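Here is the structure we will look at.
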Amino acid sequence: ASRSIRITAPWRSIRDRQPARESHAVNPRFLSPSQLAAYRRDGFLVLPGLVDDTRCLALRERAMELARRHVPEPAQATIFTADGRALHASDEYFLGSGEAIRCFFEQDAFDASGRLRTDAHLCLNKLGHAMHDLDPVFDSFSRTAELAAIAADIGMQAPLLLQSMYIFKQPRIGGEVICHTDHTYLWTEPPSVVGFWFAIDDATTENGCMWALPGGHRLPVKARSRLNAARTASELEVLDPAPYPAEGLVPLEAERGTLVLLHGALPHLSGPNRSDRPRHAYTLHAIDGVADYLGDNWLQRPTLKLRGFNP
């Protein structure tokens, strides 16, 4: 059975190290040696209080504005399923989202007759996938000196922000996300993708927080998503049909403002939100510019230049 723990206390001293970090101007570091060791051991690192409430709430408000502006008609809805598939949509809408701001609906947003259960913008699974480059509020949130320092600390030589997702995890209809790795969907050689996941609302086991497998990033990745030969749809190539271990998963409960770092090969998932509280979150996926981002990945950016974390 999975053990339930709240992973916050070991990182509470991060604010106390701010002056010491600033004094080492020659080789600035954000993460302590023990934090780096934990990240390398577990494949994730929980950093409470990295972003203040004001900035989180400003991003939340902006996401709701973008949702109202960009939400499509229900007849044109793209639905995201638990296994990451996009249903009932034109392939172009999904595959072109790497250079756009587009809306994707929850699978349970529609009733038995196919009608939305509430206002369209309150039925969204997420916004994606280029808010960090196309919207000034998201750009400001995504590019800070602190994030640049963290990326350097974990060994990224030339981090590039590839993808952004604002996850709504709506009350009562917020769907689960099955166990997966980010490397499966954003494949580089050598592997380099890292997830920067921000809690915009408190994330708990009741409203669908993330769960992760400590040390699971050392397991072989079991699948790879790639474009088909015609480049008209993405397909999942199964490398190993055995599921990731369920034993030992731990919940990554996180208060608003927490950053969770996720190694690209780390198996992780999130449960459904059946509570009456939303669980908004924002995720950035960065790759290392020294790695080769393959041309048959589903997400391509032929015209929108990649940039790093520096403001």
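Note that the coordinates shown come from a computational prediction; the quantities given were computed from them, not determined experimentally.
With respect to Arg29 and Asp153, a salt bridge is recorded, a charged nitrogen being found less than 4.0 Å from a carboxylate O. Salt bridge Asp201/Lys169: absent, no basic N to carboxylate O contact under 4.0 Å. Taking 4.0 Å as the cut-off between side-chain N and carboxylate O, Asp296 and Arg224 count as a salt-bridged pair. In summary, Asp135 and Arg62 engage in a salt bridge, as defined by a charged side-chain N under 4.0 Å from a carboxylate O. With respect to Arg301 and Asp133, a salt bridge is recorded, a charged nitrogen being found less than 4.0 Å from a carboxylate O. Salt-bridge formation is not detected for the pair Glu235/Arg226: no Lys NZ or Arg NE/NH1/NH2 atom is positioned less than 4.0 Å from an Asp or Glu carboxylate oxygen.
Residues Leu57 and Phe141 are members of separate hydrophobic clusters, defined by side-chain heavy-atom contacts under 4.5 angstrom among Ile, Leu, Val, Met, Phe, Trp and Tyr. In this structure, Phe309 is not a member of the same hydrophobic cluster as Val290, with clusters built from ILVMFWY side-chain heavy atoms closer than 4.5 Å.
Ring centroid separation for the pair Phe44 and Tyr39 does not come in under the 6.0 Å cut-off. Aromatic rings from His132 and Tyr282 are positioned such that their centres are separated by 6.0 Å or more. Between Tyr166 and Phe168, the gap from one ring centroid to the other is short of 6.0 Å.
Under the 3.5 Å distance criterion, the side-chain polar atoms of Glu237 are left unmatched by any main-chain donor or acceptor of Ser225. One N or O on the side chain of Ser142 and one on the backbone of Phe138 form a donor-acceptor pair closer than 3.5 Å. Using a distance-only test at 3.5 Å, with no hydrogens or angles considered, a donor-acceptor pair links the side chain of Ser192 to the main chain of Asp288.
The ring pair (Phe, Tyr, Trp, His ring centres under 6.0 Å) search around His268 returns His180, not counting sequence neighbours. Annotation: salt bridge (charged side-chain N to carboxylate O under 4.0 Å, His left out) contacts of Arg218 (sequence neighbours excluded): none. Among residues two or more places apart in sequence or in another chain, the ring pair (Phe, Tyr, Trp, His ring centres under 6.0 Å) test is passed with Trp197 by none.
Under the 3.5 Å distance criterion, with hydrogens and angles disregarded, a donor-acceptor pair is assigned to the side chains of Thr204 and Asn207.
Distance check, rounded to the nearest 0.5 Å: NZ of Lys305 to CG of Leu160 gives 9.5 Å.
A side chain to side chain donor-acceptor pair (under 3.5 Å) with Asp182 holds for exactly one of His263, Gln163, His285; it is His285.
Residues Ala199 and Cys56 approach most closely at O-SG, 4.0 Å, considering heavy atoms. In plain terms, the two heavy atoms of Ser234 and Trp298 that are nearest each other are CB-CB, 3.9 Å.
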task: Decide side chain to side chain contact (heavy atoms under 4.5 Å, CB included) for Leu284 and Val194; before the verdict, give the C-alpha distance in whole Å, the side-chain angles of both, and the deciding distance to 0.1 Å.
output: CA-CA 8 Å; Leu284 285 164; Val194 177; over 6 Å; no
message: I'd like to know whether Gln170 forms a side chain to side chain contact (heavy atoms under 4.5 Å, CB included) with Leu124, so could you lay out the CA-CA distance, the side-chain angles of the two residues, the decisive distance to 0.1 Å, and finally the verdict.
response: CA-CA 7 Å; Gln170 307 282 6; Leu124 294 179; 4.3 Å; yes
- request: Mind running salt bridge (charged side-chain N to carboxylate O under 4.0 Å, His left out) on Asp52 and Arg256 for me, showing each step along the way?
  value: CA-CA 8 Å; Asp52 64 44; Arg256 174 180 288 148; over 6 Å; no
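At least one cation-pi condition fails for Arg102 and Phe94: the charged atom is not both under 6.0 angstrom from the six-membered ring centre and inside a 45 degree cone around its axis.
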